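Notes to accompany the following structure.
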Amino acid sequence: MPSFNQSVFYPEMFFLTGIPGLETSHAWISMPFCCLYAIAISGNSMILFVIINESSLHEPMYYFLSMLSFTDLGLCLSTLVTMLDIFWFNFRAINFDACIGQMFFIHGFTFMESSVLLVMAFDRFLAICNPLRYALILTNSRIIKVGFAIVIRGTTALVPLLLLFKRLSFCHSHVLHHSYCFHPDVMKLSCTDTKINSAFGLAIVISTAGLDSVLILLSYVLIIHSVLCIASKEERKKAFGTCISHLSAVAIFYIPMISLSLVHRFGKHAPPFVHTLIANVYLLIPPVMNPIIYSVKTKQIRKAVHKVFLSKLF
């Protein structure tokens, strides 16, 4: 472990953390992590490939699903290199600018995923509550504009946040608690006033993930009200069935995010491995689970996967 003096400095390097207390077992621990990364990358790539190549899936719902797979791939690839460096080579150092870049991609793709889940909730709302205008509202040109808006929304707010981050100075230690650069984790190492950074970061989270979660909840309140007005029990069951995959995706995205926020806010005395475990769950579980959920629960995706890959094999 490198020694650190007590003076204020702008570090050229931060040091990432694997699983505290289990450093000698990192090679073995890397195996399940590698499996999760392989499942996430192959699963989301498969979803993208199938939607692009299967004309029957060229519909708004599946275009939004492809956006979800794209953001999940981005999240995986943002942390893949640093995770493997730690677990395979015990290489924990990360350049200060590289750390800022990794934070940009991790938080950017996180906010984009939140936006995609909101758009998918709006898609389900239109399909169930206003089916006659569904095709008129969600045209291809509007879907493209929505895609660009999601990217712009997920990235523009982060630029001033990271510029504010560069003004901070650091002292005592520059050892992080995660295997990747996470903004609240890095800010804890600063020995200068971080009130502006914290306030601006909180404002971004509230205006993106916070606002999105409220609007998703409102969408489902309206969907439930509309479905309960349907006389046929079979039709109600069918309508709710179209929402199960999306509700599952929302749950596996927001629950780890809230858990990580609570650990950072109230878990100062929690064992170090708890921070690391929750942080890895936060980034890995949604990309791993989303392709599985949509492949299992969505009949059209399942049929298209069989069709595309069986035609390639035979």
Side-chain angles (χ1 to χ4, degrees), residues 1-5 9-46 69-110 113 158 162 165-166 168 170-190 256-257 259-260 263-264 267 270-289 291:
M1 178 73 66
S3 61
F4 308 112
N5 59 44
F9 62 94
Y10 299 88
E12 293 183 2
M13 292 286 181
F14 285 113
F15 290 87
L16 304 171
T17 301
I19 307 295
L22 297 173
E23 288 82 2
T24 56
S25 303
H26 274 178
W28 294 103
I29 295 170
S30 70
M31 293 180 184
F33 278 106
C34 287
C35 289
L36 290 174
Y37 273 107
I39 292 168
I41 292 170
S42 60
N44 286 290
S45 299
M46 179 190 71
S69 293
F70 174 77
T71 57
D72 281 337
L73 271 176
L75 272 176
C76 278
L77 297 175
S78 297
T79 59
L80 177 62
V81 174
T82 53
M83 289 278 286
L84 294 183
D85 275 346
I86 292 168
F87 288 114
W88 284 359
F89 309 110
N90 197 33
F91 185 77
R92 299 167 49 222
I94 182 169
N95 181 277
F96 182 73
D97 291 326
C99 188
I100 291 177
Q102 188 178 49
M103 282 193 292
F104 176 81
F105 285 110
I106 289 172
H107 294 292
F109 281 117
T110 298
E113 181 150 349
L158 289 173
L162 296 179
F165 176 79
K166 291 206 75 169
L168 299 178
F170 298 83
C171 56
H172 306 305
S173 171
H174 43 185
V175 177
L176 300 173
H177 293 102
H178 301 324
S179 50
Y180 55 85
C181 290
F182 185 62
H183 185 259
D185 189 25
V186 180
M187 274 210 307
K188 287 180 181 178
L189 304 184
S190 174
M257 175 189 280
S259 300
L260 182 61
V263 166
H264 271 281
F273 73 86
V274 171
H275 291 262
T276 306
L277 180 63
I278 297 293
N280 290 326
V281 166
Y282 159 65
L283 283 191
L284 274 177
I285 293 302
V288 169
M289 292 303 299

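Here the structure is a predicted model, which means the values were calculated and not measured.
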Under 3.5 Å: donor-acceptor pair, side chain of [X], backbone of [Y]:
| X | Y | answer |
| --- | --- | --- |
| Ser179 | Met83 | no |
| Asp72 | Ala40 | no |
| His107 | His183 | yes |
| Arg92 | Thr17 | no |
| Thr82 | Thr79 | yes |
| His174 | Leu189 | no |

Q: Please test Met103 against Ile100 for side-chain contact (heavy atoms from CB on, under 4.5 Å), starting from the C-alpha separation and ending with a verdict.
A: CA-CA 5 Å; Met103 282 193 292; Ile100 291 177; 4.2 Å; yes
At what distance, to the nearest 0.5 angstrom, does [atom1] of [X] lie from [atom2] of [Y]?
| X | Y | atom1 | atom2 | result |
| --- | --- | --- | --- | --- |
| Ile39 | Met46 | CD1 | CE | 11.5 Å |
| Ile94 | Leu16 | CD1 | CG | 5.0 Å |
| Cys181 | Phe96 | SG | CZ | 9.5 Å |
| Tyr180 | Asp185 | OH | CG | 8.5 Å |
| Phe182 | Ile106 | CZ | CD1 | 8.5 Å |

Q. Is the count of non-hydrogen atoms from other residues, nucleotides or ligands lying under 6.0 Å from Tyr37 atom OH greater than 12?
A.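 Check passes, neighbour count above 12.
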So which atom in [X] and which in [Y] form the shortest heavy-atom distance, rounded to 0.1 Å?
| X | Y | value |
| --- | --- | --- |
| Val186 | Cys99 | CG2-SG, 4.2 Å |
| Leu36 | Val288 | O-CG2, 3.3 Å |
| Ser259 | Ile278 | C-CG2, 3.9 Å |
| Phe104 | Leu158 | O-CD1, 3.5 Å |
| Gln102 | Ser78 | NE2-O, 2.9 Å |
| Leu75 | Pro287 | CB-CG, 4.5 Å |

**Q.** Residue pair Leu77, Phe105: steps toward the side-chain contact (heavy atoms from CB on, under 4.5 Å) verdict
**A.** CA-CA 9 Å; Leu77 297 175; Phe105 285 110; over 6 Å; no
Q. Are Ser30 and Leu84 close enough, and set up right, to give a side-chain contact (heavy atoms from CB on, under 4.5 Å), and what steps lead you there?
A. CA-CA 7 Å; Ser30 70; Leu84 294 183; 5.7 Å; no
(Q) Test of understanding: with ring pair (Phe, Tyr, Trp, His ring centres under 6.0 Å), list the residues that count as partners of Phe109, not counting sequence neighbours. (A) none
